[in-house]
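A short worksheet on the structure shown next.
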2 protein chains.
Amino acid sequence: MVVDQSLRDLSDAEIDRIFAALADATRRDILRQSMLHDQSVSELARNYAMSFAAVQKHVAVLERAQLVTKERRGREQIVHSNPAALRTAARLLDAYEALWRDRIHRIEAILDAETPQSGTDQGTQQ
Amino acid sequence: MVVDQSLRDLSDAEIDRIFAALADATRRDILRQSMLHDQSVSELARNYAMSFAAVQKHVAVLERAQLVTKERRGREQIVHSNPAALRTAARLLDAYEALWRDRIHRIEAILDAETPQSGTDQGTQQ
DNA sequence: CTAACCTACAACCAAATGGTTGTAGATCAG
DNA sequence: CTGATCTACAACCATTTGGTTGTAGGTTAG
């Protein structure tokens with residue numbers, strides 16, 4: 001799958017940017033809003049009790065993390081969400097969870113080796 | 001499922017802490033190490049080109065995000081990973097992705113309504 | 001053209017972050 | 001007991017972050 005390859009290509013800095021961008025409730029909401037439907041920066045800004053410039057900065061953070069893209073339309077800048085980056089982050093977390101599952105399996109394997117069954121005993125030390 | 005409930009219960013601040021904790025390569029590696037097997041803070045610290053105190057702080061960040069827990073064992077503090085918090089984050093990202101899928105479906109529904117079939121042409125203006 | 005609107009960006013500020021060093025308390029080994 | 005080890009925590013520093021206000025330029029409406 002192509003998804004796996006994109007995971008390999010991710011630099012630490014890129015992953016840093018994605019998670020850092022997600023670590024703010026306002027930005028998560030902006031991302032959510034822009035996933036529901038594309039909106040201009042000023043449309044987005046009206047939803048929040050902060051200045052337009054602050055929202056503009058939040059959008060810039062999401063953009064550097066490639067979670068959204070901007071597209072000029074006349075005097076407006078339309079914010080499009082980019083689900084690919086989001087999916088990348090989700091798959092990365094899945095990979096960490098897989099480590100855990102591997103660990104569980106390793107432990108189970110050890111336990112199996114220590115309690116060799118009832119019949120085929122500890123005779124595999126070659 | 002219990003997982004869904006835990007998603008509802010998550011405050012913005014808790015989610016902030018989880019993603020912020022993940023937004024640092026050293027912390028992600030500490031998390032990874034502690035998923036492979038439980039280790040003391042000083043064992044973990046030997047892997048990184050920074051002071052023990054710095055690693056201690058990173059572990060504290062992971063702990064506040066509930067991505068790891070610490071357990072005293074004699075003079076050592078053993079770091080255990082907590083896959084539940086990781087899973088929570090992954091499910092949260094899945095929820096965002098679901099928004100996107102809903103949007104696609106909404107658009108498809110609109111397109112279906114506008115092009116009623118291939119046979120019964122543009123005759124639907126009531 | 002003029003006014004309103006949308007955006008970009010700089011300058012500034014307070015608070016958080018990521019690192020350091022240093023000090024001190026427990027615990028273990030000999 | 002003594003010394004080495006593991007941890008906790010404070011103080012400090014540079015940088016980043018999240019907010020503000022202000023200025024300026026491009027675009028649209030009337």
Side-chain angles (χ1 to χ4, degrees), chain A residues 11-34 37-81 89, chain B residues 11-34 37-81 89:
Chain A
S11 73
D12 279 346
E14 288 171 304
I15 302 174
D16 286 1
R17 280 193 288 271
I18 292 178
F19 284 127
L22 290 170
D24 180 282
T26 301
R27 282 197 293 269
R28 285 194 300 275
D29 199 72
I30 290 174
L31 181 60
R32 192 172 162 279
Q33 292 294 332
S34 67
H37 66 278
D38 298 340
Q39 300 179 56
S40 71
V41 179
S42 52
E43 276 177 309
L44 285 168
R46 289 190 202 104
N47 298 326
Y48 309 100
M50 66 184 71
S51 68
F52 171 80
V55 174
Q56 210 177 13
K57 280 192 184 181
H58 281 306
V59 172
V61 171
L62 289 168
E63 195 180 13
R64 267 186 303 152
Q66 298 190 288
L67 285 163
V68 304
T69 57
K70 287 192 300 187
E71 178 211 5
R72 258 225 177 274
R73 185 128 69 198
R75 65 182 163 184
E76 295 182 327
Q77 197 86 262
I78 306 297
V79 178
H80 303 273
S81 66
Chain B
S11 72
D12 279 345
E14 288 171 303
I15 303 173
D16 286 2
R17 280 192 288 269
I18 293 177
F19 284 126
L22 291 170
D24 180 281
T26 301
R27 281 196 294 268
R28 285 194 302 274
D29 199 70
I30 291 175
L31 181 60
R32 191 172 163 280
Q33 291 294 332
S34 67
H37 66 278
D38 299 339
Q39 299 179 57
S40 70
V41 180
S42 51
E43 276 178 308
L44 285 167
R46 289 189 203 103
N47 298 327
Y48 308 102
M50 66 184 71
S51 69
F52 170 80
V55 174
Q56 211 177 12
K57 280 193 187 182
H58 281 306
V59 172
V61 171
L62 289 168
E63 195 180 14
R64 267 186 303 151
Q66 298 189 288
L67 286 162
V68 304
T69 57
K70 287 192 298 187
E71 178 212 4
R72 259 229 174 270
R73 185 128 70 198
R75 64 181 163 184
E76 295 182 327
Q77 197 86 259
I78 307 297
V79 178
H80 304 273
S81 65

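Labels below follow one simple rule: chain letters A, B, ... track the order of the sequence lines, proteins then strands, and each chain is numbered from 1.
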Within less than 4.0 Å of OP1 or OP2 of D/dG18, is there a side-chain N or O belonging to A/Arg27? yes
Restricting to nitrogen or oxygen on both sides, can you table the protein-nucleotides 3-6 of chain D pairs closer than 3.5 Å?
from, atom 1, to, atom 2, distance (Å)
D/dT5, O2, B/Arg75, NH1, 3.4
D/dC6, OP1, B/Arg46, NH2, 3.4

Without decimals, in angstroms, what is the distance between A/Lys70 NZ and D/dG26 C1'? 15 Å
Calculate the interatomic distance between A/Ile30 atom CD1 and D/dG18 atom C1'; express it in whole Å. 12 Å
Any side-chain to backbone donor/acceptor pair from A/Glu14 onto A/Ser11? Under 3.5 Å, distance only. yes
Contact boundaries on DNA chain C for chain B, cut-off under 4.0 Å to non-hydrogen atoms: C/dG18 to C/dC28
Quick one: does any side-chain atom of A/Gln39 pair with a main-chain N or O of A/Gln33 as donor and acceptor, under 3.5 Å? yes
Answer whether the closest heavy-atom distance between the side chains of B/His58 and B/Asp24 falls below 4.5 Å. yes
Taking all atoms of both residues into account, what is the closest heavy-atom pair of A/Ala25 and B/Asp16, and its distance? N-OD1, 3.5 Å
I want to check something: taking the side chain as every heavy atom from C-beta on, are A/Leu31 and A/Leu22 in contact at a cut-off of under 4.5 Å? yes
Checking side-chain contact (heavy atoms from CB on, under 4.5 Å) for the pair A/Ile15/B/Arg28: CA distance, chi angles, key distance, verdict? CA-CA 10 Å; A/Ile15 302 174; B/Arg28 285 194 302 274; 3.5 Å; yes
With rounding to the nearest 0.5 Å, note down the distance linking CD in A/Glu63 to NE2 in A/His80. 11.0 Å
Find which nucleotide of DNA chain D each of A/Arg72 and A/Asp24 is nearest to by heavy atoms, and output the residue with the more 5' nucleotide. A/Asp24
Expressed as a whole number of angstroms, how long is the span from A/Lys57:NZ to D/dT17:P? 11 Å
Take the C1' atoms of the five end pairs on each side of the helix from C/dC1-D/dG30 to C/dG30-D/dC1, get both axes, and report the angle to 10 degrees. 30°
With a 4.0 Å cut-off on heavy atoms, is B/Ala20 in touch with a base, just the backbone sugar-phosphate, or nothing at all? nothing
Dump the intermediate steps for side-chain contact (heavy atoms from CB on, under 4.5 Å) on A/Gln66 and A/Ile18, then the final yes or no. CA-CA 8 Å; A/Gln66 298 190 288; A/Ile18 292 178; over 6 Å; no
For B/Arg72, I'd like to know if atom CZ has over 12 heavy atoms of other residues, nucleotides or ligands within 6.0 Å. yes
Using the rule side chain to side chain contact (heavy atoms under 4.5 Å, CB included), only one of B/Leu67, B/Leu62, B/Val61 pairs with B/Ile30; which is it? B/Leu62
With no hydrogens and no angle check, is any side-chain donor or acceptor of A/Glu43 less than 3.5 Å from a backbone partner on A/Ser40? yes
